[in-house]
Amino acid sequence: MSSSTSGYRSGTITPSQYSRVLIFGSGNFGSCLASHLGDTQHHVYMWCREASIVSHFNEHHRNPVYLKDHQFPKTITAVGPEMPTKELIDTMDVLLFAIPTQFLRCVIKKYPAGNANSCVYARENLTTLHPHLDAKKMPLLIFVNKGIEIGTHALTLEIIADTCGPDVAKKAAFIVSVQ
């Protein structure tokens with residue numbers, strides 16, 4: 001499927017055999033999903049929050065932190081640590097979020113003081129993504145999160161409705177566990 005002919009985003013056709021997928025998260029689960037989708041010839045972009053992982057991954061097709069011995073398909077490109085641009089998001093058929101629920105609100109925000117492992121809770125963080133989503137040609141949003149948000153006890157659906165609006169939450173798919 002070429003990005004210019006994506007009927008999938010408009011809801012007029014089912015996904016073609018090859019979609020453009022942006023995965024937010026390069027941990028064990030995000031990396032596994034990227035590898036599976038890349039093995040099936042989808043065009044995968046995997047967002048990483050650390051520049052060193054992006055560089056290493058794109059040079060060696062290996063994740064230096066997770067699944068270190070696994071050779072990833074060349075159909076995967078690591079992006080980050082900056083958030084993807086509206087232009088890149090506009091070319092995607094699927095945005096897949098594979099990040100811990102407690103960090104979902106802050107994944108969009110730049111990490112404070114250069115510390116990629118810290119996250120400042122802020123209601124506004126995911127709203128940064130909302131302007132990049134065109135309701136008329138919004139990519140399929142899939143959330144594969146585990147757990148609830150620490151502090152608020154919010155489920156993923158509630159976080160998305162709160163930060164991106166109910167219009168976005170209604171169009172998203174949620175595959176979650178409260179374990």
Task: N/O donor-acceptor pair under 3.5 Å between Ser31 side chain and Asn28 backbone - done: no
Task: Given Phe103, Phe29, Phe97, the one that forms ring-ring contact (aromatic ring centres under 6.0 Å, His included) with Phe24 - done: Phe97
TODO: Name all residues meeting the side-chain hydrogen bond (donor to acceptor under 3.5 Å, both in side chains) criterion together with Thr156; count only those two or more places apart in sequence or in a different chain, and write none if there are none.
DONE: none
- [ ] Begin from the C-alpha positions of Arg20 and Leu88 and carry the test side chain to side chain contact (heavy atoms under 4.5 Å, CB included) through to its verdict.
- [x] CA-CA 10 Å; Arg20 292 175 56 86; Leu88 179 64; 4.2 Å; yes
- [ ] Identify the heavy atoms of Thr101 and Ala154 that sit nearest to each other, and give their distance.
- [x] CG2-O, 4.3 Å
Open item on the list: If you compare all heavy atoms of Gly38 against all heavy atoms of Val44, which two are closest, and at what distance to 0.1 Å?
Closed with: N-CG2, 3.8 Å
- [ ] Of all the heavy-atom pairs spanning Ile23 and Ala98, show the shortest one and how long it is.
- [x] CG2-CB, 4.4 Å
Open item on the list: By the definition side-chain contact (heavy atoms from CB on, under 4.5 Å), identify the one residue from Ile89, Thr77, Thr91 that meets it with Tyr45.
Closed with: Thr77
Open item on the list: Tell me the closest heavy-atom pair linking His61 and Ile76, and the distance in Å.
Closed with: CE1-O, 3.8 Å
Contacts table for residues 66-73: side-chain donor-acceptor under 3.5 angstrom, sequence neighbours left out:
{"from": "His70", "atom 1": "NE2", "to": "Ser35", "atom 2": "OG", "distance (Å)": "2.7"}
{"from": "Gln71", "atom 1": "OE1", "to": "Arg62", "atom 2": "NE", "distance (Å)": "3.4"}
{"from": "Gln71", "atom 1": "OE1", "to": "Arg62", "atom 2": "NH2", "distance (Å)": "3.1"}
{"from": "Gln71", "atom 1": "NE2", "to": "His60", "atom 2": "O", "distance (Å)": "3.2"}

- [ ] Using atom types as modelled and distance alone, determine if a side-chain donor or acceptor of Trp47 lies under 3.5 Å from a backbone N or O of Ala78.
- [x] no
Task: Nearest heavy-atom neighbours spanning Leu155 and Glu158 - done: N-OE1, 2.6 Å
- [ ] Report the distance from atom OG1 of Thr152 to atom CD of Glu149, rounding to the nearest 0.5 Å.
- [x] 3.5 Å
- [ ] Check whether any side-chain N or O of Ser55 sits under 3.5 Å from a backbone N or O of Ser52 as a donor-acceptor pair, and report yes or no.
- [x] no
Task: Minimum-distance pair of heavy atoms, taken over all atoms of Ile53 and Cys48 - done: CG2-SG, 3.8 Å
Task: Main-chain N/O of Ile99 paired with Asn145 side-chain donor or acceptor, under 3.5 Å - done: yes
Task: Any side-chain heavy-atom pair of Asn58 and Met46 under 4.5 Å - done: no
Open item on the list: Less than 4.5 Å apart, side chain to side chain, heavy atoms only: is that true for Thr75 and His42?
Closed with: no
Task: Ile160 vs Leu104 side-chain heavy atoms within contact, under 4.5 Å - done: yes
- [ ] Could you state whether Val54 and Leu22 fall into the same hydrophobic cluster, counting links through intermediate Ile, Leu, Val, Met, Phe, Trp or Tyr residues with side-chain heavy atoms under 4.5 angstrom apart?
- [x] no
